[in-house]
Every structure is written in structure tokens, then in C-alpha cells.
Asker: 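Dropping the structure in here first, questions after.
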Amino acid sequence: MDNPVPVILTINCGSSSLKFALFDLSSVKLISQGNIQDIGRDSSIRLMDAMGHEERVDQPMADLDAAIQFLLQLLKESYSPYAVYAIGHRIVQGGKEHYLPELITANLLQTFETLIPLAPGHLPAEITAIRAFEDAYPGIPQVACFDTAFHKDMPFAARHFALPRHLWDDGVIRYGFHGLSYEYIYQQLKQFAPQEANGSIVIAHLGNGASMAVVKNGRSLDTTMGLTPTGGLVMSTRSGDLDPGVILYLLKEKHFISERALNELLNTQSGLKGISGGASDIRTLLEQENKDPRAAEAIQLFCYQAKKYIGALTAAAGGINTLVFTGGIGIHAPVIRERICEGLEYLGIAVDPFLNDDKNDIISPSGSRVTVRVMATNEERIIAQHTQECLQSHKTTQYGNSHT
């Protein structure tokens, strides 16, 4: 096709999912986006254009490589009017030295390999995707956008564990994650509710991976995840915070002699799945809670921990004026939002049940001390913005030939 439209391709991949989007290179306006879910199981592909028109396809995807090849074929056939001029990747962990968006080089890829122990459930998939797109689009710049960047200036007390200082120097510190999501939410508040953006905000990113952060005057003061994305809140299949003695007990008494077995337990067999005995999806658990006490207990534990962390983060900020729910659970599970907020009236947090059940942006009663909001996040847009800015900062004017 003559004069194809130059675009930024964003890639956000995990061990069992691959999200992608196309944005106009100059305006950073969304053109199309998609999500390949449940890779390795009964995979489904969801495609959506900028107008919200949606298409769903059920197709087996044996592994991440198969999903990437599917996407490459889709880009070649269905998106032929567009030329990929740059690719932006969500990178969960960049270690102590890498926070700001940067061009991906061979040296940076080697660094990612050394950081895999800090994010074993994410970095291998991200590295695989980078290498695959490097082969498919030689000469096209790829940009790393780090999920830890939003938290890089947390105060000393929030950033460090009570461990010997030489371990801090080795990178054993609290990094925090979901930073791209938090950045997008804060950016939206600055645009549409500047008074709230200038105050103190707790943002609850509740999905398969779940975390919270407290933001004051635009700065992350604290967050629930720490060294790895396993810490903090109970999640779909991750344990969240544990007494360190639990790990020692498992190693000594239960004979978890391999790192792989322990990682499998904490990241894929725990959380809601472990408590319920099988189900990890909050919708399934809500359907089962009246007939299965284990499902009810999983929901109870999730909401209790979320409530507790809201209280702790509110204390860290000396009070808040806004609470934001985002992520799949935060957006689509009003009953979970209500249960989390129940009993937090002493902090000024309350939910109006009628507003909460009716897909409103603000679900707190009129005149509440704390505004409770429901906001969809958009990590892909932040990745596209950072990719564009990174290219401009390098004064890159020639991106190479597209291989769309």
C-alpha cells in the first residue's frame, strides 16, 4: 500500500496473555487494540477498534511463541494499511539502574536476563517478545517502559526493607509495580479533576495482579508490592505478603528444596486459587460463594486485606481526599468495591449502593469527605506516549523500513 500510516505498536505481555495496541505515531491516538488471553489453555482473542467495535475469536494458542506468531500474521494481513515505526514494551522490572523509558539494546536485554529472579513470572515472556519483534522488524526501534518508574522517588522508609544495608546495594529494595497504570490514572485526574490530583489519592489496581499505591501531590509515597510482584495484596494466584518464617518453614519442614517449586507455590497455586481450592477468578467466586464456603472465605480474605491496606496507605499520607478503583475487579465488581469500603466511614470513605451499581464514575455520596471513583486504566496509552517521547529525545527521525 502507498503511504501507509506510521504507527507505534505497544506490547504488554505476561506468561498467559499478550495485549497489543496500535497508536498513530504523531498524535498518539488509538487505532486498534487487542488481547490474547489464556495462552496455553482455551485461548481467546479480543480485538477492538478506536470506536469500540469488538470482535472475539476462540483459537488455541499453545504458548507465548504461538501467540506472538499469530499477532505478527495479524499485523501483516489485517493491519496492512499501517507501518510499524516503533514498538513500546511494558517491562515489569528494570532493577536499580533502569527506570526511565529507554531504547532497547543488546546490553539492556542482557541486563533483563540478570533480573529474571526479581520477576520470574513476567520478564522471560517480555524478553521473548522483544527478541521475536526484533527478528520480525529488524531496524525498528523498541523502547522499554518500566512498571517501576512511578515509584522510583518513594521516601526512604517506604523504599527499604529492615535488612543489612549491603543488601540494599545489591538491589534488595521495594520497587513497586503497576506504575504505568498509576501514571495513567493520575494523568487523567490532573486533566479532569485537578483539585483531587493535587491532594492525596489511594489508587487500587485490582485485577489478576493486584496492588495499591498512595500518591500525594503527584508523588508515590508508598505501594503494596515490594521487591517482586508477588508481595502485597492477595491476588488471583499469588500469595501476597507472607511472614518470612513461612518460607523458612516450607524449606525446612515441607522440603521445598527447589526455587522453581517454591515459585510455583507462591505465584501460581496461592491467592484466591489456593484459598478456594481451584477458582481464581473473582466472578466465579462470587457465583459460588453462597454454596461453597471456601469461595466465600477467598472473597472475605481479599476484601479484608484490601480494606486493611487502604487504611495503612491513608495513614501514610495523613488522610486522603480520593480513592480510585481500577483494574478488572475494580471496574467490574461493584459488590467487591462495596465490601472493601464497608467500615471505612471513619476515614471519610463511603459508597452509595445505588451509584455503585449503576456504572457511575463517582460512587461516593454527595458531600463525602473522600471522593470514591471508578476509572478504567490504560497502560497501553502510557507506553505509546513514553515510546514517542523516548524517540523524540533521541532525535530519531529515521526509524527504518516497516515490515508490516
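Residue numbers start at 1 and run along the sequence shown.
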Asker: Thr10 versus Gln33: any side-chain heavy-atom pair under 4.5 Å?
Answerer: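 In short, these two side chains do not touch, never coming nearer than 4.5 Å.
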Asker: Does some side-chain heavy atom of Pro81 sit less than 4.5 Å from a side-chain heavy atom of Val5?
Answerer: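 Of all side-chain heavy-atom pairs linking Pro81 with Val5, none is under 4.5 Å.
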Asker: Start with the C-alpha distance between Leu344 and Leu323, add both sets of side-chain angles, then the distance that settles side chain to side chain contact (heavy atoms under 4.5 Å, CB included), and finish with yes or no.
Answerer: CA-CA 12 Å; Leu344 295 179; Leu323 169 63; 5.7 Å; no
Asker: Within a radius of less than 6.0 Å around CD of Gln195, do more than 12 heavy atoms belonging to other residues, nucleotides or ligands occur?
Answerer: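 No.
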Asker: Would you call the rings of His178 and His205 parallel, tilted or perpendicular, taking 30° and 60° as the class edges?
Answerer: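 Geometry flag for His205 against His178: parallel rings.
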Asker: With side chains defined as the heavy atoms from C-beta onward, is the minimum distance between Val7 and Val84 less than 4.5 Å?
Answerer: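 Yes, at least one pair of side-chain atoms sits under 4.5 Å.
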Asker: Indicate yes or no: does Arg90 engage Glu126 in a salt bridge with an N to O separation below 4.0 Å.
Answerer: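 Between Glu126 and Arg90 there is no salt bridge, as every charged N stays at least 4.0 Å from the carboxylate O atoms.
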Asker: Can you tell me if Asn198 uses its side chain to pair, donor with acceptor, with the backbone of Pro194 under 3.5 Å?
Answerer: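 Answer holds: yes.
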Asker: Roughly how far, to the nearest 0.5 Å, is the OH atom of Tyr175 from the NZ atom of Lys152?
Answerer: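 With rounding to 0.5 Å, NZ (Lys152) is 14.5 Å from OH (Tyr175).
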Asker: Does Glu54 CD have over 12 foreign heavy atoms under 6.0 Å away?
Answerer: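 Buried by this count: over 12 neighbours within 6.0 Å.
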Asker: In sequence, state the C-alpha distance, the side-chain angles, and the governing distance for His89 and Gln142, and then conclude on side-chain hydrogen bond (donor to acceptor under 3.5 Å, both in side chains).
Answerer: CA-CA 7 Å; His89 294 265; Gln142 300 194 77; 2.5 Å; yes
Asker: Please name the pair of heavy atoms, one in Glu345 and one in Ala350, separated by the smallest distance, quoted to 0.1 Å.
Answerer: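 Nearest heavy atoms, Glu345 then Ala350: CG-CB, 4.4 Å.
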Asker: Mind checking the CG-CD spacing from Asp361 to Gln188? Nearest 0.5 Å is all I need.
Answerer: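 Taking CG in Asp361 and CD in Gln188, the distance rounds to 11.0 Å.
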Asker: For the pair Asn12 (side chain) and Lys19 (backbone), establish whether a donor and an acceptor sit closer than 3.5 Å, ignoring hydrogens and angles.
Answerer: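 No; judged by distance alone, with no hydrogens or angles, the pair does not exist.
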Asker: Please check: side-chain N/O of Asp63 versus main-chain N/O of Asp65, any donor-acceptor pairing under 3.5 Å?
Answerer: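 A pair under 3.5 Å: yes.
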Asker: Could you walk me through whether Lys307 and Glu342 pass the side chain to side chain contact (heavy atoms under 4.5 Å, CB included) check?
Answerer: CA-CA 8 Å; Lys307 187 195 308 283; Glu342 185 179 0; 4.2 Å; yes
Asker: Compare every heavy atom of Thr224 with every heavy atom of Arg174, then report the nearest pair and how far apart it is.
Answerer: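 Heavy-atom minimum between the residues: NH2-O, 3.6 Å.
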Asker: Shortest non-hydrogen contact from Leu227 to Val172?
Answerer: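 Scanning both residues, the minimum pair turns out to be CD1-CA, 3.9 Å.
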Asker: Do the non-hydrogen side-chain atoms of Thr148 and Phe177 ever get within less than 4.5 Å of each other?
Answerer: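 Side-chain contact under 4.5 Å: yes.
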Asker: Check whether any side-chain heavy atom of Tyr137 sits under 4.5 Å from a side-chain heavy atom of Leu75, and report yes or no.
Answerer: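 The answer is yes, as the side chains (C-beta and beyond) meet within the 4.5 Å cut-off.
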Asker: Between His386 and Glu183, does a side chain to side chain contact (heavy atoms under 4.5 Å, CB included) hold up when you go through it step by step?
Answerer: CA-CA 11 Å; His386 284 321; Glu183 183 177 356; 3.0 Å; yes
Asker: Does any N or O in the side chain of Thr230 come within less than 3.5 Å of the main-chain N or O of Gly240, such that one atom is a donor and the other an acceptor?
Answerer: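 Answer holds: no.
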Asker: Which heavy atom in Ile36 sits nearest to a heavy atom in Ala67, and how many Å separate them?
Answerer: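 Result for this residue pair: CD1-O, 3.7 Å.
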Asker: For the pair Tyr182 and Phe150, name the ring-plane relationship: parallel under 30°, tilted 30 to 60°, perpendicular over 60°.
Answerer: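 Rings of Tyr182 and Phe150: tilted, 30 to 60°.
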Asker: Return yes if some donor-acceptor pair links the side-chain N/O of Arg337 with the main-chain N/O of Gly330 below 3.5 Å, else return no.
Answerer: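 Yes: the side chain of Arg337 pairs with the backbone of Gly330.
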Asker: Quick one: does Leu9's side chain get under 4.5 Å of Ile140's, heavy atoms only?
Answerer: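 Leu9 vs Ile140: side chains apart.
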Asker: Ignoring hydrogens and angles, tell me if any N or O in the side chain of Gln288 forms a donor-acceptor pair with the backbone of Ala295 under 3.5 Å.
Answerer: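 Not a single qualifying donor-acceptor pair exists.
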Asker: Of all the heavy-atom pairs spanning Leu123 and Leu115, show the shortest one and how long it is.
Answerer: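 Residues Leu123 and Leu115, closest heavy atoms: CD1-O, 3.4 Å.
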Asker: Would a distance-only check, ignoring hydrogens and angles, find a side-chain to backbone donor-acceptor pair under 3.5 Å from Ser181 to Thr377?
Answerer: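 No; judged by distance alone, with no hydrogens or angles, the pair does not exist.
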Asker: Do Arg373 and Leu189 touch side chain to side chain, with heavy atoms closer than 4.5 Å?
Answerer: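 A side-chain contact under 4.5 Å exists here.
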Asker: So Trp168 and His160, would you call those rings parallel, tilted or perpendicular, with 30° and 60° as cut-offs?
Answerer: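 Taking His160 first and then Trp168, their aromatic rings sit tilted (interplane angle of 30° to 60°).
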Asker: Let me confirm one number: the OG-CZ distance from Ser32 to Phe23, rounded to the nearest 0.5 Å.
Answerer: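 Taking OG in Ser32 and CZ in Phe23, the distance rounds to 10.0 Å.
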Asker: Between Thr223 and Met212, is there a donor-acceptor pair closer than 3.5 Å when you use the side chain of the first and the backbone of the second?
Answerer: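 Confirmed, Thr223 side chain pairs with Met212 backbone.
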Asker: When you compare the side chains of Ser44 and Asp42, does any donor N or O come within less than 3.5 Å of an acceptor on the partner?
Answerer: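 Not at all, the side chains of Ser44 and Asp42 share no donor-acceptor pair under 3.5 Å.
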Asker: Please verify the inter-ring angle class for Phe112 with His98; under 30° counts as parallel, over 60° as perpendicular, anything in between as tilted.
Answerer: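 Perpendicular.
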Asker: How about Glu77 and Gln73: does a side-chain donor come under 3.5 Å of a side-chain acceptor?
Answerer: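 Glu77 vs Gln73: donor-acceptor pair found between side chains.
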Asker: Roughly how far apart are Ser200 OG and Leu313 CG, rounded to 0.5 Å?
Answerer: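 Between atom OG of Ser200 and atom CG of Leu313 there are 11.5 Å.
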Asker: Mind running side chain to side chain contact (heavy atoms under 4.5 Å, CB included) on Ile340 and Leu206 for me, showing each step along the way?
Answerer: CA-CA 11 Å; Ile340 289 172; Leu206 306 180; 3.8 Å; yes
Asker: How about Ser16 and Asp38: do any of their side-chain heavy atoms sit closer than 4.5 Å?
Answerer: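 Not touching, per the 4.5 Å side-chain cut-off.
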Asker: Is the count of non-hydrogen atoms from other residues, nucleotides or ligands lying under 6.0 Å from Phe161 atom CZ greater than 12?
Answerer: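 Enclosed: over 12 neighbouring heavy atoms sit under 6.0 Å from CZ of Phe161.
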Asker: Spell out, as yes or no, whether a donor-acceptor pair under 3.5 Å connects the side chain of Gln388 to the backbone of Ser26.
Answerer: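 At least one qualifying donor-acceptor pair exists.
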Asker: Ignoring hydrogens and geometry, is there a side-chain-to-backbone donor-acceptor pair from Asn356 to Pro334 under 3.5 Å?
Answerer: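 It does hold such a pair.
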Asker: Could you tell me which non-hydrogen atom of Gly207 sits nearest to which non-hydrogen atom of Ser236, and how far apart they are?
Answerer: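 Nearest pair, atom of Gly207 first, then Ser236: O-OG, 4.1 Å.
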